[in-house]
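Step one of this worksheet: look at the structure below.
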Amino acid sequence: MKSQTKAPSKFDAIFERKRGEATGPAVSQVHGTVPGKEERKGPGRPRGKRSSPQYDQVTAYIPHALHDEVKIFLIREGRKEFSTLVEELLASWVQQKNNAMSPDRVRRQEVSV
């Protein structure tokens with residue numbers, strides 16, 4: 001019976017390097033910093049909502065025709081961010097709910113019951 005040995009792959013070096021990164025130190029060797037720590041880079045594009053810790057990405061299903069109409073109105077108004085509109089509408093809804101649950105209104109409901 002022949003002894004089977006694995007022939008070296010041209011990708012072995014890449015796999016070894018990747019394994020070393022997974023078990024390597026927490027300090028980045030390129031920059032000498034701890035990964036995940038926010039660094040201020042030079043001039044350039046401002047940080048977007050996607051990479052900002054102050055925002056969460058959510059998914060909502062709305063009819064396609066409604067989405068098209070909203071986009072048309074946003075373009076006509078010069079506001080091109082759908083997420084800004086959704087944020088404003090949700091903030092308004094929360095404010096409305098908070099006003100509806102104000103202490104005076106809750107007391108009036110208790111008295112009338």
Hydrophobic cluster membership, [X] vs [Y], 4.5 Å side-chain cutoff:
X	Y	answer
Met101	Val94	no
Leu90	Phe82	yes
Leu85	Leu66	yes

- Message: Has Asn99 got a side-chain atom pairing as donor or acceptor with Gln96's backbone, closer than 3.5 angstrom?
- Response: no

Check residues 67-78 and write down every donor-acceptor pair under 3.5 Å in which the side-chain atom is one partner and the other belongs to a residue at least two apart or another chain.
residue: Asp68; atom: OD2; partner: His64; partner atom: NE2; Å: 3.2

- Note on the structure: Across all chains, not counting sequence neighbours, the side chain to side chain donor-acceptor pair (under 3.5 Å) partners of Glu81 are Lys49, Ser83, Thr84

